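Not measured: the values here are computed from a predicted model. Read the numbers this way: they start at 1 and go in the same order the structure lists the ligands and their atoms.
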Amino acid sequence: MSGKHVLALSGGVGGAKLAAGLAAVLAPEDLTVVVNTGDDFEHLGLTICPDIDSVTYALAGLNDTVRGWGVKDETWQAMAMLRGLGEADWFNLGDRDMGMHIARSWRLREGETLSQVTARLTRNLGIAHAIIPMSDAPLRTQVETAEGWLDFQRYFVAEQCRPVATGVRFEGSPGAAMSPAFAEALAREDLGAIVLCPSNPYLSVDPILAVDGVREALSARKVPLVAVSPLVGGTSLKGPLAKLLGELGRPVSNASIADHYGDLLDHLVIDEADAADAGDLQARGLCVTVTGTVMCDAEVRERLARVALTAARIETG
Ligand code: FO1
């Protein structure tokens, strides 16, 4: 019998939605979600892990679906106080969200690893599925611009992705080892498939591939690797992917997503608005599924999760 454990690799907002869909259709023992930590940074004395937060809030049903990040029904009193005190206010920390960063920072300072802290906090929020940081070591995404190399959140939030990007690098790679549960998931005898969530390939998935040994392990895998494209109608729904592709001199199309993942990819799930891309992708030897990929509610998230799992030859009930 082929394995049925699914390893999903996810960034923040879009990835978190599919991760929530996968968690809705797979039992906790059948899913491991490994999350990008290249966006993490230290801010106001706190360790912020935005993509872990997004996946955690999505699986806990706490995510703000309008803003796309942070906690729903959020209030901003602490932020107003910080602003009044003359502290940095370019990165918005809601009151409820702040509790997450305080708990994480406190436990890290007490000596727990990021994996241990994440397991503790997700469990205490009632999440049964495994949400795993890609590494317990710092691996930081930086974007090259005319102003020099910018740390990810400086580029993404403070500069609103305005500077023209000429390169991306991952400080700490090589040298960052896989988190223990990531390595275990990749080595599982019952591993049945790998799913790349619809996250930015350059900014959210590449940091995971830059962790020591990950690209090699994925190349050597014996199970299907399915990606859900983050492009919809030839552009990115949210975030800088379309702008970044243009700046890096690549077409804003699914051909660029397929080129980027290269031999790693077996099957690409693309949006129905991009159905015209299917022929070219198939001509390269890729399997393609065309479906609606805009995850506007829980029902669509689950449906897309089932489509991705079917593409990966994983049975769902
Ligand atoms: N994104 C923003 O655009 N502006 C913010 O002020 C902001 C604050 C923030 C706080 C906590 C958190 O977990 C995420 C936050 N994000 C914010 C989202 C985050 O910058 C990005 O969505 C991810 O890093 C990209 O995946």
Exercise. Of all residues at least two apart in sequence or in a different chain, which pass the salt bridge (Lys or Arg N to Asp or Glu O under 4.0 Å) check with Arg250?
Worked result: none
Problem set entry | Non-hydrogen atoms of Ser10 and Ala16 that approach each other most closely | OG-N, 3.6 Å
Problem set entry | Given Phe41, Trp90, Trp149, Phe91, the one that forms side chain to side chain contact (heavy atoms under 4.5 Å, CB included) with Arg154 | Trp90
For this session: Measure the OG1-CZ distance between Thr291 and Arg306 for me, rounded to the nearest 0.5 Å.
Result: 13.0 Å
For this session: Check Asn92, Asp64, Asp97 against Glu74 for a side chain to side chain contact (heavy atoms under 4.5 Å, CB included) and give me the one that passes.
Result: Asp97
For this session: Check whether any side-chain heavy atom of Asn63 sits under 4.5 Å from a side-chain heavy atom of Val71, and report yes or no.
Result: no
Under 3.5 Å, N/O to N/O: give me all the pairs between ligand 1 and the protein, one per line with atom names and distance.
from	atom 1	to	atom 2	distance (Å)
ligand 1	1 (N)	Trp69	NE1	3.3
ligand 1	6 (O)	Asn92	N	2.9
ligand 1	6 (O)	Asn92	ND2	2.8
ligand 1	13 (O)	Asp53	OD2	2.8
ligand 1	20 (O)	Gln153	OE1	2.8
ligand 1	24 (O)	Asp39	OD2	2.7
ligand 1	24 (O)	Gln153	NE2	2.9
ligand 1	26 (O)	Asp39	OD2	3.3
ligand 1	26 (O)	Asp51	OD1	2.8

